[in-house]
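These notes are about the structure you will find just below.
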2 protein chains.
Amino acid sequence: MSHLNPTEALRDSDGDQAGAPTYSGFGDFRMTRQRKVVYDVLMAERDHPTASEVFLRAKHVMPGISLATVYNCLETMTHAGLVKQVNVDREASRYCPNLRPHAHFYCSECQEISDVDLHLSASTATPWSLPEGAKIDHLEVSMKGVCPDCQARVLEKSR
Amino acid sequence: MSHLNPTEALRDSDGDQAGAPTYSGFGDFRMTRQRKVVYDVLMAERDHPTASEVFLRAKHVMPGISLATVYNCLETMTHAGLVKQVNVDREASRYCPNLRPHAHFYCSECQEISDVDLHLSASTATPWSLPEGAKIDHLEVSMKGVCPDCQARVLEKSR
DNA sequence: CTTGAGATCAAGAATTATTCCAAATAAAAA
DNA sequence: TTTTTATTTGGAATAATTCTTGATCTCAAG
C-alpha cells in the first residue's frame, strides 16, 4: 500500500530540454530523465509491454532515447525492485510495475497477459512442498490458456 | 506409473549401423533413430539439459546427428507430450522427461535444476484464484533460490 | 566556478538460442 | 519396387539481448 512513487524523488520534472534538472538518488540508483520516462510509461498502462514496446512508447515522450537505454533502465529497475520482469516461455521479456505477488496468465487467443493475485503467507497452503532446508528467493507462476472473454467468444462460436 | 516406454515401439533397437531397422509409429510420429537417441539421452540422466547439452550427449551415440535435428526432435516430443520444456527466465530452454506435474527449482549457487512435485487436484488449495471462466492449458511454477545442499554449505561457511 | 570521478547514455557491433530453408535421405504406403 | 511423405542436415537467417566504447552528465570537492 504505502509505497512512495519513486518519480516523486525527481525534482524539476517538466519538459526534457529546459534547464538541466537536478537529479536525486532513489534507493540505490539515480532517477534520471530516461529512467523516469521508462518508469512512467510502465505505470501509465497496466499491461505487460516488451522492451521494444516500452521503447516505442518512451520515444513519444523522449524521442532521442535509445533501445539500449531502455534495456538498461528496465534492468536497473528490475534489480531495484521497482518493476517485475515477466517471462512466458522464451518469448521476449515483458515488464510490469505491479509489485504485489502475482502470477501471470497468458491468453493464447488474444495474446494478452493478465495478472492473477497470489496469496502467499506462511499459513496458506501450496500445492507443492519444498525440500527441507531450501531457501526461496523468487517464485514465478505462469499459466497459459484462454481468458474468460475469449473463452466466451469461443463457446459462442461453437454453438 | 504405468507408462509404456515409447522406445519400446521401436523394433530392432541394437546398434545404429547394422541392417536398417524397421520403424514403427508411436502415437502421432515416427520413432526414428535420432528421436530414439534424443529420448534415451533424456531418460538416461534425470537432469535438465539444454538442447546443446542433449546434442553433445547424443553425439556420443550417433556422431552424425545435427543440432537442428535435436531441436526438431525435442519440439516434436514436447508436442507429443513425451518430454517437458522447462524455461527459467530467458535462459536456454531445458528439457526433461518427467511427465508428472512438477515445478522447477533453480539453485542460484550450483545452477542445478531440480523437480518439485506438484499436487494438483480439484480439491487441493492453490494460492491463487482464477478468474471466472478461464480455461487453463498449462501451468508453470518455477522457483529460484538456494537448494538444501548449497544452503548447508553457505551456512557452514558463515560460522 | 572549475575539475575530477564515477555513473549513465547512446549507437552499433556482437552474441546466443532458436528457427527457417532447400536439398538429400529415409521410411511408409502402394 | 516405385511412389509418396516425413525427416534429417548444414548453413543461412532471425530476434532478443548484451557488450563495447566514447560521449555526456551529476555530484561533490577544491
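In what follows, every chain begins at residue 1, and chains take the letters A, B, ... in the order their sequences are listed. Note that the coordinates shown come from a computational prediction; the quantities given were computed from them, not determined experimentally.
- The side chain of A/Thr32 places no N or O atom within less than 4.0 Å of a non-bridging phosphate oxygen (OP1 or OP2) of C/dT8.
- With rounding to whole Å, A/Leu74 atom CG is found 15 Å from C/dT8 atom P.
- Among the nucleotides D/dT8, C/dC20, C/dA27, the one closest to the side chain of B/Arg35 is D/dT8.
- Contact annotation: A/Gln34 side-chain N/O to D/dC25 OP1/OP2 distance is not under 4.0 Å.
- Closest to the A/Ala51 side chain, of the nucleotides C/dA10, D/dT17, C/dA27, is D/dT17.
- If you measure from atom CG of B/Leu56 to atom P of C/dA17, you get 12 Å, rounded to the nearest angstrom.
- At a threshold of 4.0 Å, the pair B/Arg57-B/Asp47 counts as salt-bridged, since one of the basic side-chain nitrogens sits closer than that to a carboxylate oxygen.
- For A/Asp89 and A/Lys144, the salt-bridge test passes: some basic side-chain N is under 4.0 Å from an acidic carboxylate O.
- Using a 4.0 Å heavy-atom distance criterion, A/Thr50 is classed as making no nucleic acid contact.
- One can place OH of B/Tyr71 at 18 Å from P of D/dT14, the figure rounded to the nearest angstrom.
- Among the protein residues, B/Ser52 comes within range of no part of the nucleic acid, since none of its heavy atoms lies under 4.0 Å from any strand.
- Enclosure of atom CD in B/Glu132 is not indicated, since only 12 or fewer non-hydrogen atoms of other residues, nucleotides or ligands lie within 6.0 angstrom.
- For A/Ala68, the listed nucleotide lying nearest its side chain is D/dC19; candidates were C/dA28, C/dC20, D/dC19.
- Within the model, atoms OG1 of B/Thr50 and OH of B/Tyr95 stand 9.0 Å from one another, a figure rounded to the nearest 0.5 Å.
- Listed nucleotides D/dA16, C/dT18, C/dA10 differ in distance to A/Thr69; the shortest reach to its side chain belongs to C/dA10.
- Note on A/Arg90: a side-chain N or O is less than 4.0 Å away from OP1 or OP2 of C/dT18.
- Nucleotide D/dT7 holds its P atom 12 Å from the CD atom of B/Glu75, rounded to whole Å.
- Side-chain atoms of B/Ala92 lie closest to C/dA17 of the nucleotides D/dT9, C/dA27, C/dA17.
- Rounded to a whole Å, the CG atom of A/Leu67 is 15 Å from the C1' atom of C/dA14.
- To the nearest 0.5 Å, the span separating CG on B/Leu130 from SG on A/Cys147 amounts to 12.5 Å.
- Rounded to an integer number of Å, the gap from A/Asn72 CG to C/dG6 C1' is 16 Å.
- In this structure, A/Arg30 places its CZ atom 15 Å from P of C/dA5, rounding to the nearest Å.
- Rounding to whole angstrom units, CD1 of residue A/Ile65 and C1' of D/dT24 are separated by 15 Å.
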